[in-house]
Every structure is written in structure tokens, then in C-alpha cells.
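Have a look at the structure below before the remarks.
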Amino acid sequence: MTSSPPRVRFAPSPTGYLHVGGARTALFNWLYARKTRGTFVLRIEDTDQERSTEEHTRIILDGLSWLGLNWDEGPLFQGESVTRHRNDALRLLGNNQAYRCFCTKEELEAQRKAAPKGSDTFKYDRRCDRLSDEEVSARLARGMPFAIRFRMPLEDIAWEDAVHGPIAFHGRDLDDLIILRSDQTPIYNLAVVSDDIAMRITHVIRGDDHISNTPKQIALYRALGAEPPVFAHVPMILGPDGKKLSKRHGATAVGDYQDLGILPAAMRNFLALLGWAPGGDREILTQEELIDLFSLDGIQGKPAVFDLTKLEWMNGQYLSLLPPGELIEPVARELERMGVGFPSRDDLLPYLEAVRARSRTILDVARQVAVRLDPARAELDEKGHNLIGKMGEGYAKSLRIAIETLAAIPEEQWDSERILVSLKERIAAEGMKLGDLLQPIRVALTGSTVSEPVNELVAVIGRETVLRKLIADS
RNA sequence: GGCCCCAUCGUCUAACGGUCAGGACACCACUCUUUCAAGGUGGUAAUACGGGUUCGAUUCCCGUUGGGGUCACCA
């Protein structure tokens with residue numbers, strides 16, 4: 001069997017932002033294409049003129065690029081192919097595989113309402129399919145508008161889904177669907193099939209929510225004389241409450257995570273592991289490993305809950321692997337956005353090195369750098385607050401001792417080694433415990449009980465600034 | 001409600017009839033560190049339920065329950 005390389009597509013409609021679910025679908029398509037040396041096509045489904053905007057198209061393209069999901073063909077716009085869609089519909093009409101439906105939207109609505117309120121789903125009763133040729137001609141002569149309706153075959157429709165295995169629908173449950181509106185514009189299910197045939201798509205990897213469209217589309221493929229592709233239906237992504245992920249869960253757009261300071265490589269890794277696993281214990285995988293290990297049958301059949309905490313953990317892993325130099329630019333931009341002044345981009349490096357290991361996102365890094373540049377920005381967190389409460393008088397006393405000790409170090413000798421030595425000597429002389437002197441300094445300088453070693457913290461902030469802040473707090 | 005999909009720790013998952021049901025996040029302890037994290041070590045924690053099939057079921061079949069999706073001249 002000679003098989004040509006697969007052709008897959010990602011086909012978002014530009015009616016909203018690029019959501020994580022869509023991003024993951026795109027990622028799976030991309031991984032499959034790269035794995036099989038196939039072609040990844042990007043198609044923008046903009047047939048809904050009302051809701052589609054160029055702004056959304058741009059955001060989707062930017063999101064894909066940010067994730068590193070480059071496409072080989074496109075972006076193609078579905079709207080540019082309406083003539084072909086229409087011709088396909090007309091062809092089915094000519095074949096007698098479709099018929100004119102003169103029912104108006106209102107009439108259909110009424111029929112739906114009148115349908116027995118019971119067990120079954122409403123199905124169109126095919127009244128227009130029973131119209132005599134004379135009646136049809138008469139209505140056409142009167143200029144009555146009509147839609148084109150596909151005559152759904154009676155037989156059951158089944159396929160072998162690449163993630164779910166065999167799926168079957170009963171022919172009796174399938175409705176005659178409209179494929180061309182009365183204004184001659186195509187309906188989604190026709191446009192998709194027409195485009196996928198024209199683009200020679202071999203594997204349709206898309207969301208689970210399309211399962212119920214699939215039997216209709218398979219029927220259309222057959223009616224159009226084309227072989228249906230392989231279908232792979234990827235389960236949905238859920239919020240922490242088990243409901244479909246949506247705006248009320250907070251950040252759902254790819255851009256939101258970009259703003260949070262998530263690195264694209266971490267996002268890609270995390271998304272790949274949501275609903276897919278390479279088998280074994282692998283968690284952190286490079287792009288190459290992802291491509292190498294990817295396969296459709298490793299995709300989970302059940303929906304997955306999006307766990308932001310794990311994403312942040314994973315981002316922290318990527319952050320610590322990144323050469324600090326690569327953090328300069330994104331952090332500098334974030335600082336500028338925050339309105340924090342700094343001497344130059346190169347001067348940021350020592351701060352980044354100090355702070356990086358304790359950060360999970362770029363935003364974390366920037367916030368901590370900002371505090372080191374200007375300790376006046378420090379805000380007490382809960383643990384810091386507790387510490388001050390617990391120490392009572394001792395807090396201010398420790399700060400006074402710290403001030404005396406540090407003030408005695410001349411500017412020329414202000415380095416982390418010297419600071420450590422001075423602090424230790426003083427601690428010994430006072431008979432204090434190490435933490436009793438160091439923790440108050442840390443809290444006063446950062447607002448938090450977590451930071452790099454105190455001597456390094458003090459060194460990086462600088463003599464004058466440290467003393468000023470400690471005096472202000474004591 | 002009809003139709004379709006699904007069901008392993010709180011979450012993401014491994015296991016393709018025989019494992020003390022493994023890993024990761026989170027959580028807890030311990031450890032390392034002259035101080036914080038990180039790291040290291042250990043721990044708590046799962047096969048929804050009921051029937052089959054089988055010498056043996058997380059795994060195969062049926063049912064129940066639960067969750068998700070979908071039912072437009074939207075995509």
C-alpha cells in the first residue's frame with residue numbers, strides 16, 4: 001500500500017480568541033504533521049460574517065506563532081471558496097441527493113415547537129421532499145426562496161475513530177441537514193467537507209464536540225464521491241469544577257498565559273501532556289522528543305482538567321533551564337510595563353540570576369527584580385506578616401543590629417562575602433540565632449520570607465538602598 | 001429528554017489478563033544548606049458500583065450510577 005504523507009489542518013473560526021482547547025488541537029495536528037513528515041494546513045473558517053473579525057484572525061495567528069506552531073500552507077480563508085461550496089450543493093441537488101426546502105426559518109421553528117415533547121429529537125419531516133415537480137416549479141416561478149437540504153441516507157454510519165475506536169450512529173437519528181442557505185451561502189458542515197476534499201486532507205484531528213457532526217460529514221463525503229478522511233476526536237479541556245473550560249474559569253486564552261509570563265515551550269509541553277501521554281514517566285519533553293513520541297493512539301478518551309498549578313511548576317522548570325541572558329528582554333519589557341526604572345538591560349543580569357530559581361513565571365521574576373531595584377515597592381506577604389507578629393519587639397531590635405553592622409562596611413568592601421562575614425561575627429557576638437537576624441532583614445527588604453541568601457540579597461540591592469529601607473522599617 | 005463519548009490517587013497520567021497498581025503536580029514530614037528557596041529522601045492518597053467471562057480482572061462483556069458533548073438557514 002503506497003500512502004502519500006498525511007495532510008492535516010487546524011481550522012479555527014475567528015470569532016474569539018485562541019483558547020487553550022483550540023491551541024491544543026492545533027498542537028496535536030502540528031505534532032502529527034511533523035511526526036509523519038506531513039503537511040499542516042491552516043484554514044480560517046470565516047463564513048460567519050457576523051461574528052468573524054480580522055482582529056481575531058490576527059490574534060489566532062499570533063498565538064500559534066508564539067507557541068511555535070508553524071503552518072505549511074495557508075492561512076486559507078474559507079470565505080474565498082463559497083463558489084465551490086455552492087457548486088457542490090448544486091451538484092448534490094442535480095444528483096437528486098439533495099432537495100429544495102421552501103420552509104422558512106419561522107416555519108421550522110414552529111414545527112420544532114409543535115413536535116411531540118417526548119423522547120426523540122426533532123427531525124425535519126421532509127415535507128418539501130414530497131412536493132411534486134409541478135409544485136416545485138410553481139414555487140420557483142413565484143420566486144419563493146429556498147434552501148438546499150441534503151437527503152440523509154437511511155443506513156447507519158460508522159467509522160473507526162483514531163482516538164475512540166469504533167463509533168456508530170443510527171441512520172434513523174440523522175436529520176436532513178440544510179447545506180445551502182436560502183441566501184445561497186453554504187452551511188458549515190458542507191463547507192468543511194468541501195474544503196477538506198479540495199485540500200486533500202487525510203486526517204481530521206479536532207475537538208470531541210464535533211463527533212455528532214461526523215456522521216453527517218461522512219454522508220456528505222460519500223455523496224460527493226470522496227473518501228472520508230481518518231477522524232481523531234480529541235476530548236475537551238475542563239475547568240477545575242469539571243465544566244467545559246470557559247471565561248468564568250479565568251485565563252483561557254493563549255494570550256492570557258503569555259501575559260502571565262508563561263514560556264511558549266512550557267505551554268507547549270504542558271498542553272501536549274493534557275490528554276496525551278507518551279507512556280512511561282516522561283514529563284519534561286523537548287519539542288523534538290514530543291514530535292518523536294507523538295501518536296494519535298496515545299490520546300486519552302476522557303476530558304482533562306486544566307491544572308494551572310502544574311503549568312506554573314512546569315514553567316518554573318523551563319525557567320531554570322533557560323540561560324539567564326534570555327530572560328533580560330522579556331523581564332525588561334515587563335518592568336517597563338510596570339513602570340519600574342532600571343539602569344540598562346545588561347545591569348539586570350545579576351538580579352535575574354538572584355531571583356530566577358525562586359520564580360515560576362516571568363511575571364514572578366519581574367516582580368522580584370522590581371523589589372530589589374526598589375525595596376520601597378516591597379509588600380508584606382502573609383508569612384512576612386506572621387514573622388513580624390511573632391517577633392514583636394525583637395523585629396525592630398534585629399533591624400537596628402543589622403543597620404549598625406552593615407553601616408560599618410564601607411562601600412568599597414560591599415560584596416556578598418564580606419557582608420556574610422560581618423553578619424556572622426555580629427551574630428556570634430550577640431549570641432543570636434542566625435535566623436533571628438537574617439529573616440527580619442529579608443522581610444524588611446522584600447516583604448517575604450523567601451529570597452536568595454540574605455547576604456546576596458543585601459549585596460545586590462546595594463549599600464545605600466539597603467540602609468535606607470532598613471532604617472525606614474526599624 | 002434523544003443520540004454520542006467517557007470513567008485509575010484531589011489533578012495530569014502509566015499499566016495493552018498475572019505489578020506490593022508506577023510516575024508527576026499539590027499536600028505533609030525529614031534531609032541538605034551558616035539564613036530562604038530549589039534539590040534529595042520518605043509519606044498520605046486511586047482502579048465509581050453491581051453482575052458476568054476467566055485459574056486469574058484496572059484491563060474483556062452487560063447493566064447501574066456519575067461526568068462530558070451534541071441536538072440551528074452558528075461554527
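Below, all heavy atoms of this structure are taken into account, side chains as well, without hydrogens, waters or symmetry copies. In what follows, chains carry the letters A, B, and so on, assigned in the order in which the sequence lines appear, proteins first and then strands, with residues in each chain numbered from 1. Predicted model only: the values in this text are computed from it and were never measured.
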Reckon [X] touches a base, only the sugar-phosphate, or nothing at all at heavy-atom distances under 4.0 Å?
{"X": "A:Ile167", "result": "sugar-phosphate"}
{"X": "A:Asn455", "result": "base"}
{"X": "A:Lys433", "result": "nothing"}
{"X": "A:Ala11", "result": "nothing"}
{"X": "A:Gly435", "result": "nothing"}
{"X": "A:Thr449", "result": "sugar-phosphate"}

Task: Any donor-acceptor N/O pair under 3.5 Å between B:C25 base and A:Thr309 side chain - done: no
Within the structure, does a side-chain N or O atom of [X] lie under 4.0 Å from either OP1 or OP2 of [N]?
{"X": "A:Arg358", "N": "B:G39", "result": "no"}
{"X": "A:His164", "N": "B:C4", "result": "no"}
{"X": "A:Arg51", "N": "B:A75", "result": "no"}

Whole angstrom is fine here: how far is it from [atom1] in [X] over to [atom2] in [N]?
{"X": "A:Gln368", "N": "B:A38", "atom1": "CD", "atom2": "C1'", "value": "13 Å"}
{"X": "A:His85", "N": "B:A75", "atom1": "NE2", "atom2": "P", "value": "11 Å"}
{"X": "A:Phe270", "N": "B:A26", "atom1": "CZ", "atom2": "P", "value": "12 Å"}
{"X": "A:Arg282", "N": "B:A14", "atom1": "CZ", "atom2": "C1'", "value": "14 Å"}
{"X": "A:Glu425", "N": "B:U35", "atom1": "CD", "atom2": "P", "value": "18 Å"}
{"X": "A:Arg86", "N": "B:C73", "atom1": "CZ", "atom2": "C1'", "value": "14 Å"}
{"X": "A:His19", "N": "B:A75", "atom1": "NE2", "atom2": "C1'", "value": "14 Å"}
{"X": "A:Ile178", "N": "B:A75", "atom1": "CD1", "atom2": "P", "value": "11 Å"}

Open item on the list: Students often mix this up, so state it plainly: with edges at 30° and 60°, are the rings of A:Phe231 and A:Trp159 parallel, tilted or perpendicular?
Closed with: perpendicular
Of the nucleotides [options], which one has an atom closest to the side chain of [X]?
{"X": "A:Trp313", "options": "B:C73, B:C3, B:A26", "result": "B:A26"}
{"X": "A:Leu438", "options": "B:C5, B:U35, B:C73", "result": "B:U35"}
{"X": "A:Asn213", "options": "B:C4, B:A26, B:A75", "result": "B:A75"}

Span that lies between the [atom1] atom of [M] and that of [N], in whole angstrom:
{"N": "B:G69", "M": "B:C30", "atom1": "P", "result": "44 Å"}
{"N": "B:A14", "M": "B:U19", "atom1": "C1'", "result": "12 Å"}
{"N": "B:G50", "M": "B:U44", "atom1": "P", "result": "25 Å"}
{"N": "B:A57", "M": "B:A48", "atom1": "P", "result": "15 Å"}
{"N": "B:C73", "M": "B:G68", "atom1": "P", "result": "26 Å"}
{"N": "B:C6", "M": "B:A24", "atom1": "C1'", "result": "23 Å"}
{"N": "B:A45", "M": "B:C20", "atom1": "C1'", "result": "16 Å"}
{"N": "B:C60", "M": "B:G1", "atom1": "P", "result": "28 Å"}

Taking only nitrogen or oxygen atoms into account, show me every contact under 3.5 Å that the protein makes with nucleotides 10-13 of chain B, one pair per line with its distance.
residue: B:C12; atom: OP1; partner: A:Val305; partner atom: N; Å: 2.9
residue: B:C12; atom: O2'; partner: A:Leu273; partner atom: O; Å: 3.0
residue: B:U13; atom: OP1; partner: A:Gly275; partner atom: N; Å: 2.5

Task: 5′-ward residue of the pair A:Ala147/A:Met236 relative to RNA chain B - done: A:Met236
Task: Comparing A:His170 and A:Lys383 on RNA chain B - which has the more 5′ nearest nucleotide - done: A:His170
Listing, residues 12-21 of chain A side-chain donor-acceptor contacts under 3.5 Å, not counting sequence neighbours, or none:
residue: A:Ser13; atom: OG; partner: A:Thr15; partner atom: OG1; Å: 3.4
residue: A:His19; atom: ND1; partner: A:Thr252; partner atom: OG1; Å: 3.2

Atom pairs and distances, side-chain donor-acceptor, residues 306-314 of chain A, under 3.5 Å, sequence neighbours left out:
residue: A:Asp307; atom: OD1; partner: A:Thr309; partner atom: N; Å: 3.2
residue: A:Lys310; atom: NZ; partner: A:Glu283; partner atom: OE1; Å: 3.4

- [ ] Using both distances under 3.5 Å as the test, list the Watson-Crick or G-U wobble partner of B:G42, or none.
- [x]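 In the structure as shown, B:G42 has B:C28 as its Watson-Crick or wobble partner.
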